[in-house]
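As the structure lists them, so they are numbered: ligands from 1, and atoms in each ligand from 1.
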Amino acid sequence: MNFIDTHCHLYAEEFKDDYSAELKAAKRENVDAIILPAIDSQSHGKLFALADEESSCYPLIGLHPTSVDDSYREELTIVEQYLKSKKVYGIGEVGIDLYWSTDYKRQQLEAFDYQIQLALKHNLPLVIHSREAFPEIFDVLMGYKGQPIFGVFHAFTGNIDTYNTIKTLGEFYVGIGGIVTFKNSGLANVVKEIPLERIVLETDSPYLAPTPYRGKRNVPSFVPLIAAKLAQIKSVTVSDVAGATTTNAKSIFKI
Ligand SMILES: [Zn+2]
């Protein structure tokens, strides 16, 4: 039984003293591969340093929506430079976040649109961050209908209608993490309706630790806690969840 953490910021400041120990702890829990989503040029260097050092870490490149400001064009140029010089496994994380601020909404829409084009050009999956922005994200994706778009809606928190819309916009999977273990999140009822063939596991470390560690630092070795919750929701074994989600992750990121 093996797991893949499809969304983990193990290069973040929070892990600077013990990322190596956390990777070992993850391996002990059979979390064999970790996808590293990018944020912005402040941390791209750390991300690729970790990916160069650890063969179980797979880098993505992209500009995170909350990092979009007046300098987003320069940031996108940097993203393209990494695409030329490094092996990357996807474009992410990208998308729209109107929860923290709407000040740069127009720029966020432009940056998202541009990064969809990069994914298409390089035949890479998109890892999409959506916060209070499903309508806006759907609008942008609608412009690419019929094109070979694929990837993950990370930290999925929509309802079943949202999921059904996502299905029409590309070959998309949903990333399920700690939120599904939270009491009253309502996500369990939605996840029940989504086939395992469309789900990948993620931690979003260092954020969103699953129960019983809610509020603490999240780590990739917590992936089995999320798998156990999914198994319970879907009345299948943890091994079934591990098998399906690992197959999905391998096919999306080609690892
Ligand atoms: Zn993230």
Side-chain angles (χ1 to χ4, degrees), residues 3-16 19 22-23 26 31 33-51 57-69 72 75 79 82 88-101 104 108 111-112 115-116 118-119 124-134 137 151-158 166 172-182 185 187 199-210 213-223 225-226 245 249 252-253:
F3 301 100
I4 297 178
D5 186 350
T6 63
H7 199 109
C8 176
H9 300 278
L10 196 62
Y11 57 86
E13 272 301 295
E14 285 87 341
F15 293 109
K16 73 174 182 349
Y19 68 88
E22 288 306 336
L23 265 177
V31 181
I34 290 171
I35 308 287
L36 304 174
I39 305 282
D40 58 33
S41 62
Q42 295 253 336
S43 57
H44 292 336
K46 286 177 206 139
L47 186 160
F48 283 99
L50 176 60
C57 292
Y58 297 86
L60 309 182
I61 190 68
L63 177 62
H64 193 291
T66 61
S67 292
V68 170
D69 57 23
Y72 81 100
E75 284 283 337
V79 164
Y82 276 104
V88 302
Y89 295 81
I91 302 291
E93 52 187 293
V94 300
I96 299 172
D97 188 315
L98 302 177
Y99 172 80
W100 292 106
S101 165
Y104 289 99
Q108 284 195 42
F112 180 44
Q115 292 182 97
I116 294 171
L118 289 180
L124 288 168
L126 284 162
V127 171
I128 297 176
H129 169 114
S130 170
R131 194 146 186 212
E132 304 212 342
F134 278 124
I137 292 214
V152 178
F153 272 79
H154 126 77
F156 179 74
T157 51
I166 284 171
F172 282 116
Y173 294 73
V174 295
I176 300 297
I179 297 167
V180 79
T181 70
F182 298 170
S185 79
L187 190 58
I199 295 175
V200 292
L201 303 177
E202 62 170 60
T203 60
D204 204 7
S205 300
Y207 314 108
L208 294 168
Y213 301 103
R214 190 171 180 178
K216 304 239 164 63
R217 184 183 71 161
N218 202 358
V219 291
S221 55
F222 288 166
V223 167
L225 295 171
I226 301 154
T245 56
I252 298 163
F253 296 105

Participant: Is the backbone N or O of Thr66 less than 3.5 Å from a side-chain atom of Asp97, with the two atoms forming a donor-acceptor pair by type?
Facilitator: no
Participant: Taking Gln115 for its side chain and Leu63 for its backbone only, find out whether a donor-acceptor pair lies under 3.5 Å.
Facilitator: yes
Participant: Just give me the atom name: the N, O or S atom of Asp204 closest to the Zn ion (ligand 1).
Facilitator: OD1
Participant: Below 2.8 Å, any N, O or S contact between His7 and the Zn ion (ligand 1)?
Facilitator: yes
Participant: Among the N/O/S atoms of Glu93, select the one at the shortest distance from the Zn ion (ligand 1) and name it.
Facilitator: OE2
Participant: For N/O/S atoms only: which one belongs to His9 and is nearest the Zn ion (ligand 1)?
Facilitator: NE2
Participant: Parallel, tilted or perpendicular, judged at 30° and 60°: which one describes the rings of Tyr58 and Tyr89?
Facilitator: perpendicular
Participant: Using modelled atom types and a 3.5 Å cut-off, is there a donor and acceptor pairing between side-chain atoms of Asn218 and backbone atoms of Leu208?
Facilitator: yes
